[in-house]
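Remarks on the structure that follows.
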Amino acid sequence: MSEVRVRFAPSPTGFLHIGGVRTALFNWLFARQQQGTFILRIEDTDQSRSTDESIQAIIEGMKWVGLDWDEGPFRQTERMELYRSHAMKLLEAGQAYWCVCKAEELEARRKVAEAKGFSPRYDGRCRDAQVTNPPADAALRFKAPQEGLIVVDDLIKGTITFDNSAADDLIILRSNGYPTYNFSVVVDDALMRITHVVRGDDHLTNTPRQIPIFEALGFAVPRFGHLPMILGSDKTRLSKRHGATSIMAYKDMGYLPEAMVNYLVRLGWSHGDQELFTRKELIEKFSWNHVQTSAAVFNPDKLLWLNAEYIKTSPPSEVAKALVPLLEQAGLKQEVAAVSDEWLAQLVVLVKERAKTLVDMVEWVKPYFGQVAPLEEEAAKKFLTPAMAPLLQKLVTRFEAFPSFSKQTWEESFKQLVGAEGIKMGALAQPVRVALTGRTASPGLFEVMEVLGRDRTLFRLRTGIERASRG
RNA sequence: GUCCCCAUCGUCUAGCCUGGCCUAGGACAUUGCCCUUUCAAGGCAGUAACACGGGUUCAAAUCCCGUUGGGGACACCA
């Protein structure tokens, strides 16, 4: 049994796309399950579109979702000699030939063919021309087989058959000496001893182009697996117009990496009715034959629900840690510095079933920093009325009698007052809520008091009374 | 146009390979009710799908063929 070696091979032409993350994820899961090797390879042979910032974005994104690689990142532009020498091997073996057709000519001929209703493939003009003294700007073409069948046993889609009569003589070395995608992948996948090439569905038709190159080079052909695409709500390929597609955009919107992983893996893979998976479970349970064969529509609602689940069930201290940078961004840098990690975790517990994202959570958590409750004008106007002042004063007097805060005793005392006054719970609770949090919606009152502590609770109640007296 | 892939609730999916247990299950969303000091969360209930047409079979969501519909690929992009 040979060791499993898989790779994720993005091209650095933008941010890391969530579709890319999903592809990486399936590869990573398989590698971890099989105790194989996961390789990160940057396909940057298109020097006009590749950027260093994109490479950084890929690395940053991979790290954020916790997909660690065992080898790499390799950059194809650092491996040019390898592609050239293998291309020369094909030339010497008579399996490749120089093509002197100009790019513009090819373009024009393709258009003519298309207009006549023919397949827009290369017409093979230079195939038998035997160009032995190529000009500097000649391109090298692979002599693709013209008959026979290529049968691929796809890990996900099963047996797929392609007819070689439709095969094209691909350019493998451009006139500028750079290899093309279909050639550099083959050389790299072979040299890196990749055992399973798992990539997006959009590469399916590249497979019959690549297999003959593996064979011509004398390399073992790996297994292939083609993941279905992710679609937008209108069932077209997911793009910016459907919303955020960059993985880091989701970080910024307050999503947890574990939620992203869980969502992305369930989009196209299932394990019975299970919805929530730990990473360990994912590694254990992952299997190719439960990967869906059809494309899936990206559903932001379900992602949001999952994120809320993870906010509720993740260790509060970890959620707090992820929350801190967002609090700082929201202008609470000093306030955050003044409190303990434990208190922050307590704060997370207080609001965690109300916040669906960390960005939400920032809003929920704001009222609990600082001495004074930031009163919402409308709330204050409605509940902190002169008529309420005496009642609130009675409550404060009761609370002041307790030397320290106790949820149980304070709650009992509160209810006794409500009973004695013959009013409804809400009649007292809402004004108190506004005094304590400045808002009409908050977590349970006594949980709020607990987080605030005795002193601040009393302080905010007294401030509330002042406001109420003023009207 | 040519080639390839795909087809279960609005969406993600279970079931399909190895036909009967399917009166088609779960989840998100949605609707109603319950809980309740507010807002959530939670609980319960409801609406909602095998694309269509032929076969094969005692029996088809499951196997076969066709139609339709969707997606992808056809570059000196990856």
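These figures come from a predicted structure and were not determined experimentally. Quick note on labels: first sequence line is chain A, next is B, and so on, each numbered from 1.
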Separation of atom [atom1] in [X] from atom [atom2] in [N], rounded to whole Å:
X         : N      : atom1 : atom2 : answer
Asp188(A) : A78(B) : CG    : C1'   : 13 Å
Leu428(A) : U38(B) : CG    : C1'   : 13 Å
Leu304(A) : A27(B) : CG    : P     : 18 Å
Asp301(A) : C28(B) : CG    : C1'   : 7 Å
Tyr122(A) : C74(B) : OH    : C1'   : 17 Å
Lys111(A) : A75(B) : NZ    : P     : 12 Å
Gln292(A) : C16(B) : CD    : C1'   : 11 Å

Could you tell me whether [X] contacts a base, only the sugar-phosphate backbone, or nothing, with contacts defined as non-hydrogen atoms closer than 4.0 Å?
X         : answer
Arg237(A) : sugar-phosphate
Leu106(A) : base
Leu445(A) : base
Arg121(A) : nothing
Lys424(A) : nothing
Thr13(A)  : nothing
Asp163(A) : nothing
Ser175(A) : base
Thr440(A) : base
Gly444(A) : base
Ala296(A) : sugar-phosphate
Ser442(A) : base
Cys99(A)  : nothing
Gln47(A)  : nothing

Tell which nucleotide pairs with [N], taking only Watson-Crick or G-U wobble pairs whose two distances are both under 3.5 angstrom.
N      : result
A73(B) : U2(B)
G20(B) : C58(B)
A7(B)  : U68(B)
U30(B) : G46(B)
U36(B) : none

Among [options], which is the nearest nucleotide to the side chain of [X]?
X         : options                : answer
Trp305(A) : C4(B), U38(B), A29(B)  : A29(B)
Asp202(A) : A73(B), U37(B), A7(B)  : A73(B)
Ala441(A) : U38(B), C6(B), G72(B)  : U38(B)
Lys302(A) : A41(B), A78(B), C12(B) : C12(B)
Gln430(A) : G26(B), U38(B), A14(B) : U38(B)
Asn299(A) : G10(B), A73(B), U37(B) : G10(B)
Thr205(A) : G26(B), A73(B), C76(B) : A73(B)
Met425(A) : C5(B), U13(B), U37(B)  : U37(B)

Flag the pair Lys407(A) and Glu447(A) as a salt bridge only when some basic side-chain nitrogen lies within less than 4.0 angstrom of an acidic carboxylate oxygen.
-> yes
Look at Asp154(A) together with Arg223(A) and state whether they make a salt bridge at an N to O cut-off of under 4.0 Å.
-> no
NZ or CZ of Arg141(A) within 45° of Tyr122(A) ring axis and under 6.0 Å = yes
Cation over ring, Arg22(A) on Trp28(A), under 6.0 Å and within 45°?
-> no
Are [X] and [N] close enough that a side-chain N or O sits under 4.0 Å from OP1 or OP2?
X         : N      : answer
Thr293(A) : A7(B)  : yes
Ser294(A) : G71(B) : no
His226(A) : G71(B) : no
Lys356(A) : A41(B) : yes

Is the shortest heavy-atom distance from the side chain of Met361(A) to the side chain of Val348(A) under 4.5 Å?
-> yes
Relative to the 5' end of RNA chain B, which residue comes earlier, Ile160(A) or Glu107(A), by the nucleotide with the nearest heavy atom?
-> Ile160(A)
